[in-house]
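Single-structure report; data block below.
All values below were derived from every heavy atom in this structure, side-chain atoms included, with hydrogens, water molecules and symmetry-related copies excluded. For this chain, numbers begin at 1 and follow the sequence in order.
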Amino acid sequence: MDIRQALQQRRSVRAFLPQAVAAATVRDLLETAAQAPSGGNMQPWRVTAVGGQALKDLCAKARQTEAVQRPGLSYPPGLWEPYRSRRFENGEDLYRAINIGREDKAARLAQLARNGQMFGAPVGIFVAVEERMGYAQWVDLGIYLQSFMLLAVEKGLATCAQGFWRMYNDMLIEQLALPDGYQIAFGIALGYEDVSAPINQWRASRAASNEWLVLQGLD
């Protein structure tokens with residue numbers, strides 16, 4: 001598999017098989033992803049991988065903990081075009097794929113809550129960063145994340161990056177015994193895709209390149 005193929009195959013999987021992922025495989029993926037570049041070679045990520053009973057306990061703790069929205073950490077307030085429409089259409093397409101109507105708020109909330117179960121994945125990965133870090137270091141986290149997800153595809157594994165876990169920042173800081181001054185950047189569900197799940201039949205669209213791409217001075 002080459003990089004182009006991995007990019008084309010990678011997607012956010014929201015239903016996993018219970019099949020375990022070997023600890024050695026998880027470690028190898030996370031360590032290899034750390035070859036990702038970072039400004040000044042600061043490598044600002046701190047990563048915790050959780051599985052087995054520990055992950056079940058953590059998900060149970062999340063169900064007992066009140067979510068706290070952290071404005072601006074997922075989407076800017078008053079989202080504008082074309083981003084507002086892209087986000088709206090993505091959500092509608094997702095719920096349509098699993099036959100949940102716009103007015104069925106209970107079912108939508110139940111699907112959202114599946115984030116807190118890592119969508120059934122056997123491994124939950126939590127990436128934290130020091131609160132003192134700035135915009136550039138968050139960019140570095142994104143490069144690490146993409147590197148990890150592409151490596152997972154190469155190994156036949158699936159992932160789902162989850163900003164959802166930022167709402168449980170304080171609980172995770174405590175449960176994962178992170179040092180003072182850290183905050184949760186995102187979680188990642190890791191495992192084997194349940195290819196029979198309807199939600200995994202859906203594919204998010206991509207904007208046409210003429211909406212965002214400009215070439216200048218190129219032959």
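In this structure, Gln162 and Phe119 have side chains that are in contact, with non-hydrogen atoms separated by less than 4.5 Å. Residues Phe126 and Leu178 are not in side-chain contact: their nearest non-hydrogen atoms beyond the backbone lie 4.5 Å or more apart. Between Ile143 and Ser38 the shortest side-chain heavy-atom distance does not fall below 4.5 Å. When side chains are defined from C-beta on, Arg14 counts as touching Leu94, because their heavy atoms get closer than 4.5 Å. Residues Leu141 and Val129 meet the side-chain proximity criterion, which asks for heavy atoms closer than 4.5 Å. Taking the side chain as every heavy atom from C-beta outward, Arg46 and Glu130 never approach each other to under 4.5 Å. Under the 4.5 Å side-chain criterion, counting only non-hydrogen atoms from C-beta, Met167 is not in contact with Arg70. No side-chain heavy atom of Val127 sits under 4.5 Å from any side-chain heavy atom of Trp165.
Here Glu92 pairs with Arg108 in a salt bridge; the nearest charged N to carboxylate O distance falls below 4.0 Å. Note on Arg86 versus Glu211: salt bridge recorded, some NZ/NE/NH1/NH2 to OD/OE distance being below 4.0 Å.
In this structure, Gln35 places its CD atom where only 12 or fewer heavy-atom neighbours from other residues, nucleotides or ligands lie under 6.0 Å away. More than 12 heavy atoms of other shown residues, nucleotides or ligands fall within 6.0 angstrom of atom CG in Asp2. Heavy-atom contacts from other residues, nucleotides or ligands closer than 6.0 Å to CD of Gln69 number 12 or fewer. Sparse packing is recorded around CZ of Arg4, with 12 or fewer heavy atoms of other residues, nucleotides or ligands lying under 6.0 Å away.
Grouping the Ile, Leu, Val, Met, Phe, Trp and Tyr side chains by contacts below 4.5 angstrom, directly or via other members, places Val13 apart from Val21. Both Ile173 and Phe164 are members of a single hydrophobic cluster when ILVMFWY side chains are connected at heavy-atom separations under 4.5 Å. By the rule that hydrophobic residues join a cluster once side-chain heavy atoms approach within less than 4.5 Å of another member, Met118 and Leu172 end up as members of one cluster. Clustering ILVMFWY residues whenever any of their side-chain heavy atoms sit less than 4.5 angstrom apart, transitively, puts Leu190 in a cluster other than the one holding Met1. In the hydrophobic clustering of this structure, Tyr144 groups with Val26; members are Ile, Leu, Val, Met, Phe, Trp, Tyr whose side-chain heavy atoms approach within less than 4.5 Å, directly or through other members.
Among all heavy-atom pairs drawn from Leu145 and Ala161, the shortest one is CD2-CB, 3.9 Å. In this structure, Trp138 and Leu73 approach most closely via the heavy-atom pair CH2-CD2, 4.4 Å. Minimum heavy-atom separation, Met133 to Pro44: CE-CB, 4.3 Å. Heavy-atom minimum distance, Cys160 versus Phe16: N-CZ, 4.3 Å. Considering all non-hydrogen atoms of both residues, Ile184 and Arg166 come closest at O-CG, 3.5 Å. Taking every heavy atom of both residues into account, Pro122 and Gly191 meet most closely at CD-CA, 3.8 Å.
Within the model, atoms OG1 of Thr25 and CG of Leu151 stand 12.0 Å from one another, a figure rounded to the nearest 0.5 Å. Interatomic distance, Arg10 CZ to Leu7 CG, rounded to the nearest 0.5 Å: 8.0 Å. In this structure, CD in Glu154 is found 9.0 Å from CD1 in Ile3, a value given to the nearest 0.5 Å. For the atom pair Leu109 CG and Arg114 CZ, the distance stands at 14.5 Å (nearest 0.5 Å). Atom CD1 of Ile98 and atom CG of Asp93 lie 12.0 Å apart (nearest 0.5 Å). With rounding to the nearest 0.5 angstrom, the CD1 atom of Ile199 is 8.5 Å from the OH atom of Tyr95.
Between the Tyr192 side chain and the Ala20 main chain, no donor and acceptor come within less than 3.5 Å of each other. With Gln64 contributing its side chain and Lys61 its backbone, the two residues share no donor-acceptor pair below 3.5 Å. Using modelled atom types, one side-chain atom of Asn115 and one backbone atom of Leu112 make a donor-acceptor pair closer than 3.5 Å.
In this structure, a donor-acceptor pair under 3.5 Å is absent between the side chains of Ser85 and Glu89.
Under the rule for a salt bridge (Lys or Arg N to Asp or Glu O under 4.0 Å), the partners of Arg27 that lie at least two apart in sequence or sit in another chain are Glu31.
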Pair up each side-chain donor or acceptor in residues 49-60 with any protein partner under 3.5 Å, not counting sequence neighbours, and list the distances.
| unit_1 | atom_1 | unit_2 | atom_2 | d |
| --- | --- | --- | --- | --- |
| Gln53 | NE2 | Asp57 | OD1 | 2.8 |

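None of Leu157, Thr159, Asn200 except one satisfies the side chain to side chain contact (heavy atoms under 4.5 Å, CB included) rule with Glu193; the exception is Asn200.
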**Asked** Which is it for Phe148 and Val47 under the side chain to side chain contact (heavy atoms under 4.5 Å, CB included) test, yes or no, and what are the steps along the way?
**Response** CA-CA 12 Å; Phe148 173 79; Val47 185; over 6 Å; no
